[in-house]
Amino acid sequence: MVSTNIWKNKRLRQIILLVGGSIVVLWLVIVVLFYNFTVSQHEQSTLMRLAGIANSLALQIEGDIHEKIFETNKVKDAIIRNDQDSLYLSLHTLLRSNHEANMLKSPVYTISMNNSGMFYEFGVTSDSVPYYRHPYNTYHSTLNDQYKTGGMIPAYEDEFGMWLSAFAPIKNTRGKTVAVVMVDEKLDIFLKSVRSELMKAFIFSLVMFGVMIALLLWQMRKILTKEQKDKNIIEAANKEINRMNVELSIVNEKLSSLDRFRKEMISNISHDLRTPMASIIGFLDLIRDSKSSLSQDERYKYIDVAYSETKRLNRLVSDLFELSKLESGQIKIDPEPFNLYELVSDIIQKYQLKIKSKHVDLNFEIHENLGLAFGDIKYIDRVFQNLLDNAVRYVDEGGYIKIWILDAEGDFKVKICNSGDLIPQKDLDVIFDRYYTNEKSDNARSGLGLAIAKSICTLHGCTIKAESNEFVNSFWFTVPKVEK
């Protein structure tokens, strides 16, 4: 309200611009100097620390052992477990202990020049999963230049972010450099903290700027007139009217959306109920009107079909009620700690006969010592069964289904893949919709399983997603871990 009158006065406007411009320029100078000095000091101290760790490790690693590992295991991924090779395990244990002792956030690993002399390969790592003899395509030129002597690599960027690295040569008893041990630290985390501090400084500057402006305005209060006050009152009234109009528009839009949803719901439910009901009536009419012409076997056959359609109708109605309760917020989850490994194992056991009947190969990678998940177990059970049922339904005869439970920081990630007809990429974002219409026709399903799974995940604050590549369809969802 005050600023309008001030900007009309040329002299006052110049004073405010001069003060504001001076503060902005001063802040920018301070920011640049502080940022450059802080980053430079951190980079130098970090590189020295990484170099010390790398040189210490290089002296502890026996080059002959490292060389023998590469001579014995000559191909990519020849080692896929840390305990697969005793020599590899000994070096992995050494790297792992140093990794933990120095509280490093990134794995320590060795890198060796390929026998062809054309590119580098990863060797032993402190990580829990080996990455053995994979090509190192994004190496820094310093590695190539100082491979035999070791060195430090200042800040550089690759596809994973900004890094600081140091490496030292690993030599065998003949003095030949057989590999280097590399130690990294991600610079992005430090830069983020520095920028956070700069943002705090910026906010503080804005506050100071506001205080100075307030003091100036206080000194200039005599310029404010009754006319300006009246204008401000009118503007405030107009804003209030506009706000009320916006709120009324939002309410009207919500009412229209509810009406559209009601009509769409009635139409879809009528269509879904009509199909099995028509089948039931048709077969019962056929039995009733053809008592003399139908054989006993035919009559039993038609009764079985009508019974099957009745069960399908019952499942459809149950799914509709369940989905309606989930979406309307009538269902409240009761989360508790539970063993995710046991839950998934029990469900897989129930599906064994059904999977074997289709000659499907079932593979699952689940570790018993996962720890406890946190959620409503009966609804998490429902999500997994719906996704597994979907995979069993659409896997091709003689195909395969694969199940993982992965550790994803604060969550568990449950993933189910199956071979068979691939989901079109354009349908991946809508496949969880209540009435997704591009799926295969299958009289044994209600079409609401994926929608129910999504609603349950939404209640838990979890993520659920569908993916497809040139080989398999994948569905995965997350389950929170128990906080320790």
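Below, all heavy atoms of this structure are taken into account, side chains as well, without hydrogens, waters or symmetry copies.
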- Task: Would you please say whether a donor-acceptor pair under 3.5 Å links the side chains of Ser56 and Gln60?
- Result: yes
- salt bridge (Lys or Arg N to Asp or Glu O under 4.0 Å) partners of residues 37-64, not counting sequence neighbours, each pair once: Arg49-Glu185
- Message: Can you confirm whether Pro130 sits close enough to Asn82 that some side-chain heavy atom of one is under 4.5 Å from a side-chain heavy atom of the other?
- Response: yes
- Message: Tell me whether the count of non-hydrogen atoms from other residues, nucleotides or ligands lying under 6.0 Å of CZ in Phe119 goes above 12.
- Response: yes
- Task: Output yes when Lys413 and Asp407 qualify as a salt bridge under the 4.0 Å nitrogen-oxygen rule, no when they do not.
- Result: no
- Query: Do Phe364 and Val344 touch side chain to side chain, with heavy atoms closer than 4.5 Å?
  - Reply: no
- Note on the structure: Those residues at least two apart in sequence (or on a different chain) that pass side-chain hydrogen bond (donor to acceptor under 3.5 Å, both in side chains) with Tyr400 are none
- Under the side chain to side chain contact (heavy atoms under 4.5 Å, CB included) rule, what do Ile403 and Leu388 come out as? Steps first, then yes or no, please. CA-CA 9 Å; Ile403 300 172; Leu388 182 56; 4.1 Å; yes
- Near-ring test Phe477/Phe412, centroid separation under 6.0 angstrom: no
- Is the backbone N or O of Cys462 less than 3.5 Å from a side-chain atom of His460, with the two atoms forming a donor-acceptor pair by type? no
- Task: Go through the steps for Arg382 and Ile452 under the test side chain to side chain contact (heavy atoms under 4.5 Å, CB included), then give the verdict.
- Result: CA-CA 9 Å; Arg382 183 68 187 275; Ile452 290 173; 3.6 Å; yes
- Item | Polar contact flag, side-chain donor to acceptor under 3.5 angstrom, Lys148-Thr177 | no
- Task: Would you check if there is a donor-acceptor pair between the side chains of Trp476 and Glu467 at a distance under 3.5 Å?
- Result: yes
- Message: Apply salt bridge (charged side-chain N to carboxylate O under 4.0 Å, His left out) to residues Arg174 and Glu67 and explain how you reach the verdict.
- Response: CA-CA 12 Å; Arg174 301 185 304 275; Glu67 192 173 25; 3.4 Å; yes
- Could you grab the distance from atom NZ of Lys454 to atom CG of Leu450, nearest 0.5 Å is fine? 10.5 Å
- Test side-chain hydrogen bond (donor to acceptor under 3.5 Å, both in side chains) applied to Asp429 - qualifying residues, sequence neighbours left out: none
- Task: Could you pull out the closest heavy-atom pair between Gly399 and Ser419, with the gap in Å?
- Result: CA-OG, 3.4 Å
- Item | Ionic contact status for Asp376 with Lys378, cut-off 4.0 Å | yes
- Item | Ser97 side chain vs Leu94 backbone, donor-acceptor pair below 3.5 Å | yes
- Message: Check whether Asn102 reaches the backbone of Asn98 with its side chain - one donor and one acceptor, N or O, closer than 3.5 Å.
- Response: yes
- Item | 4.5 Å side-chain heavy-atom contact, Val479 and Asp411 | no
- Counting N and O atoms only, with roles assigned by atom type, does the side chain of Thr478 sit under 3.5 Å from a partner on the main chain of Thr463, one being a donor and the other an acceptor? yes
- When every non-hydrogen atom of Ala168 is compared with those of Ala54, the smallest separation belongs to CB-O, 3.5 Å
- Message: I'd like to know if the side chain of Ser345 and the backbone of Tyr341 have a donor-acceptor N/O pair within less than 3.5 Å.
- Response: yes
- Between Phe190 and Val39, what is the shortest heavy-atom contact and its length? CE2-CA, 4.0 Å
- Query: So, Glu397 and Lys358, do they make that salt bridge, N to O below 4.0 Å?
  - Reply: no
- Item | Test: Lys354 and Asp389 ion pair at under 4.0 Å | yes
- Message: Does any part of the side chain of Val392, heavy atoms only, come nearer than 4.5 Å to the side chain of Tyr351, both counted from C-beta?
- Response: yes
- Query: Does a donor on one side chain sit under 3.5 Å from an acceptor on the other, for Tyr156 and Ser165?
  - Reply: yes
- Any side-chain heavy-atom pair of Ile401 and Asn363 under 4.5 Å: no
- Message: How long is the straight-line distance from CG of Asn172 back to CD1 of Ile61, given to the nearest 0.5 Å?
- Response: 13.5 Å
- Message: Could you check whether any side-chain N or O of Gln84 sits under 3.5 Å from a backbone N or O of Ile80, counting only pairs where one atom can act as donor and the other as acceptor?
- Response: yes
- When rounded to the nearest 0.5 angstrom, what is the spacing between OG in Ser90 and CD1 in Ile69? 6.0 Å
- Query: Just wondering, do Ile464 and Phe475 contact through their side chains at under 4.5 Å, heavy atoms?
  - Reply: no
- Item | side-chain hydrogen bond (donor to acceptor under 3.5 Å, both in side chains) assessment of His66 paired with Thr110 | CA-CA 9 Å; His66 195 283; Thr110 65; 2.8 Å; yes
- Query: side chain to side chain contact (heavy atoms under 4.5 Å, CB included) between Leu164 and Asp184: does it pass, once the steps are laid out?
  - Reply: CA-CA 6 Å; Leu164 296 173; Asp184 299 323; over 6 Å; no
- Those residues that, when tested against Tyr109, pass ring-ring contact (aromatic ring centres under 6.0 Å, His included) (two or more places apart): Phe122
- Query: Between Phe374 and Pro335, what is the shortest heavy-atom contact and its length?
  - Reply: CE2-CB, 3.6 Å
- With under 30° as parallel and over 60° as perpendicular, where do the rings of Tyr139 and Tyr120 fit, or are they tilted in between? perpendicular
- Item | Partner set under side-chain contact (heavy atoms from CB on, under 4.5 Å) for Asp145, not counting sequence neighbours | Ser141
- Query: Atom CD1 in Ile79, atom OH in Tyr88: separation rounded to 0.5 Å?
  - Reply: 6.0 Å
- List the atom of Asn473, the atom of Ser468, and the distance in Å for their closest heavy-atom pair. OD1-OG, 3.2 Å
- Would you say the side-chain atoms of Asp188 pair up with the backbone N or O of Met162, donor to acceptor, closer than 3.5 Å? yes
- Close side-chain approach of Val108 and Thr125, heavy atoms under 4.5 Å: no
- Message: Under the criterion side chain to side chain contact (heavy atoms under 4.5 Å, CB included), I'd like the reasoning laid out for Ile416 against Ser474: C-alpha separation, chi angles, the key distance, then a yes or no.
- Response: CA-CA 6 Å; Ile416 303 174; Ser474 302; over 6 Å; no
- Query: Do Phe37 and Gln41 come close enough that some side-chain heavy atom pair is under 4.5 Å?
  - Reply: yes
- Query: Do any N or O atoms from the side chain of Asn386 and from the backbone of Gly449 form a donor-acceptor pair under 3.5 angstrom?
  - Reply: yes
- Item | Distance in Å, Asp396 CG paired with His359 NE2, rounded so as to fall on 0.5 Å steps | 12.5 Å
- State the OH-CD distance between Tyr132 and Glu121, to the nearest 0.5 angstrom. 8.0 Å
- Message: Quick one about Ser116 and Asn114 (side-chain donor to acceptor, distance below 3.5 Å, no hydrogens or angles considered), yes or no?
- Response: yes
- The complete set of salt bridge (Lys or Arg N to Asp or Glu O under 4.0 Å) pairs with one or both residues in residues 83-100, sequence neighbours excluded, reads Arg81-Asp83, Arg96-Glu100
- Which atom names give the shortest non-hydrogen contact between Asn73 and Arg133, and what distance separates them? O-NH1, 3.0 Å
- Check the side chains of His99 and Asp127 for a donor-acceptor pair under 3.5 angstrom, ignoring hydrogens and angles. no
